[in-house]
Amino acid sequence: MKAQPKASHHINGRYVDDEQGTALPVTYPATGEVIASLHSATRNIIELAIEAARAAQPAWARLKPVERGRILRRAADILRARNEELARLETLDTGKPMQETLVADAPSAADCLEYLGGAVAAFNGEFVDLGGPFAYTRREALGVCVGIGAWNYPIQIAGWKSAPALAMGNAMVFKPSENTPLSALALAEIYTEAGLPDGLFNVVQGYGDVGAALVEHEVTAKVSVTGSVPTGRRVLALAGSKMKHATMELGGKSPLIVFDDADIENAIGGAMLGNFYSAGQVCSNGTRVFVQKGIHDRFVERLVERVKKIRLGDPLAPDTQMGPLVNKAQHDKVVSYIGIGLEEGATLACGGGVPSLQGFEGGFFVEPTVFTGVTDSMRIAREEIFGPVMSVLSFDHEDEVIERANATEFGLAAGVFTRDLPRAHRVISELQAGTCWINAYNLTPVEIPFGGTKQSGIGRENSLAALEHYSQIKTVYVETGDVASPIEQRPRCNPDRRSGR
Ligand code: NDP
């Protein structure tokens with residue numbers, strides 16, 4: 001199996017390489033075989049990419065928003081037309097089953113390009129009536145933005161970052177996770193085919209040091225990272241030291257609360273979606289499933305029945321429902337957390353093993369795992385595992401569960417299942433999380449903002465909020481009368497109109 005791109009990086013509309021860069025092998029997580037060999041960006045490659053972006057950006061920012069949007073919408077059409085091929089590439093890169101990559105990866109990037117490509121023309125500044133004089137605000141581009149991606153949704157992340165950046169007139173240099181470098185290159189090709197001028201979307205490969213060099217670069221105006229909390233803290237500190245804009249989409253340990261009166265099958269569906277999709281490698285997963293005592297045993301029984309039916313196997317086969325983890329390190333981390341759960345005294349309700357799958361002996365598979373009897377202090381209930389491991393905790397009362405759900409440093413997402421809608425809204429209003437669901441879980445259509453609170457991040461992706469985060473406001477005050485200088489005479493103008501400082 002091979003998925004070798006023409007070269008490692010895509011800069012200024014074309015593929016380039018520098019073989020001096022550290023080797024970056026790409027493995028297919030289902031078998032462990034090397035499917036491509038790339039190079040991490042050298043200083044020379046980083047400079048080429050930043051310079052291409054810097055040179056191309058001003059002319060792009062001067063275009064009418066509707067013209068920029070038209071190119072994004074054309075790119076969305078190409079993404080959709082090439083969906084099958086992109087899904088296969090994403091499956092090879094991530095190990096996620098085709099069942100997922102056909103519907104959740106390039107299609108989500110396409111949705112974002114289409115939505116923001118259309119919305120940007122209506123995203124304007126404000127007019128402010130000052131009783132004679134007036135003011136207006138302009139939403140202006142920031143300049144060169146750096147996007148840094150995680151491995152779980154490579155093309156989706158590249159789309160979610162580049163679409164608002166480009167729509168607002170910025171240029172982007174994007175560094176994918178070194179685990180999944182391939183589909184961002186395909187996106188760069190697609191942008192070029194859609195008519196995006198050279199230099200506006202550049203992809204450079206590399207490890208964390210390349211990300212840090214891009215963030216630190218004096219030309220970089222903004223950085224947007226999807227990754228873990230420790231990485232986010234490092235990048236934010238670096239960006240902050242140079243007063244750069246930053247969006248951080250980081251990790252979580254989100255609560256999913258199931259009340260006694262919930263539709264049990266729907267709640268189980270939500271919990272499974274929120275723990276086992278993408279083999280559990282989803283930042284917003286509801287990995288702490290709080291189930292009210294009255295429904296707890298029935299919930300666990302049906303949950304286990306349904307989880308046992310999840311089909312693991314060949315990610316390219318159409319009926320496979322769960323694939324492997326992205327690499328050996330992540331596999332070993334998840335397996336070690338299962339051991340920690342057992343040592344801490346949690347009850348293994350199902351899974352917990354490493355399956356032996358014929359033809360995929362070198363793959364990084366872990367069975368979908370459910371722990372019950374989990375308590376708040378256990379590490380499996382406090383730390384982000386980023387794998388298919390669900391912790392079920394029981395609770396008695398609404399106030400109690402709110403307090404326990406909020407007792408975490410994270411604040412990315414939360415969900416509530418109940419038929420009592422006033423209670424659903426009441427509980428959601430008390431939960432410390434940026435993205436919440438009522439009687440659903442992990443749905444993230446591009447029309448709504450996505451992002452976290454507390455240690456889970458700063459800023460939002462998707463929706464019009466994303467356009468705000470890729471632009472800055474310029475305020476313009478316009479005088480329509482005479483200019484009175486208070487230094488020379490008593491002011492004739494209303495003192496309110498003088499500087500407010
Ligand atoms: P990491 O934090 O390890 O890496 C994220 C990206 O940052 C990678 O491209 C990485 O490069 C890069 N990086 C690492 N160190 C630095 C640095 N010092 N400066 C700049 N860039 C750096 O995350 P993972 O790739 O392991 O992804 C999993 C994490 O991402 C989980 O915590 C998950 O919750 C979170 N996530 C959050 C989402 C959200 O929207 N909130 C969505 C998806 C995932 P390299 O890969 O080479 O180390």
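One-based numbering along the sequence shown. For ligands, and for the atoms within them, numbers begin at 1 and follow the listed sequence.
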Report the part of [X] in contact with ligand 1, treating N, CA, C, O as backbone and CB onward as side chain, heavy atoms under 4.0 Å; options are side chain, backbone, both, neither.
X    : value
T226 : both
L412 : side chain
E384 : side chain
R234 : side chain

Ligand 1 N/O within reach of [X] N/O, cut-off under 3.5 Å:
X    : answer
S228 : yes
N152 : no
K175 : yes

| Considering only heavy atoms of G206, which atoms of ligand 1 have at least one such atom less than 4.0 Å away? | 47 (O)
| note | Here the atoms of ligand 1 under 4.0 Å from any heavy atom belonging to A150 are 25 (O), 27 (O), 30 (O), 44 (C)
Does any N or O in the side chain of [X] come within less than 3.5 Å of the main-chain N or O of [Y], such that one atom is a donor and the other an acceptor?
X    : Y    : answer
T94  : K96  : yes
T101 : A87  : yes
K175 : Q205 : no
N202 : N12  : yes
T220 : K222 : no
S391 : A381 : no
R54  : V144 : no

| field | Aromatic contact, F201 with W60 (centres under 6.0 Å) | value | no
For [atom], find the nearest protein heavy atom and state the residue, atom name and distance (0.1 Å precision).
atom                    : answer
atom 8 (C) of ligand 1  : G149 O, 3.3 Å
atom 35 (C) of ligand 1 : G227 O, 3.0 Å
atom 45 (P) of ligand 1 : E178 OE1, 2.6 Å
atom 37 (C) of ligand 1 : C283 CB, 3.0 Å

| Does the side chain of T247 reach to within under 4.5 Å of the side chain of K161, using non-hydrogen atoms? | no
Does ligand 1 have an atom that lies less than 4.0 angstrom from a heavy atom of [X]?
X    : value
G232 : no
Y153 : no
G452 : no

| message | Let me confirm one number: the CE-CZ distance from M390 to R288, rounded to the nearest 0.5 Å. | response | 14.0 Å
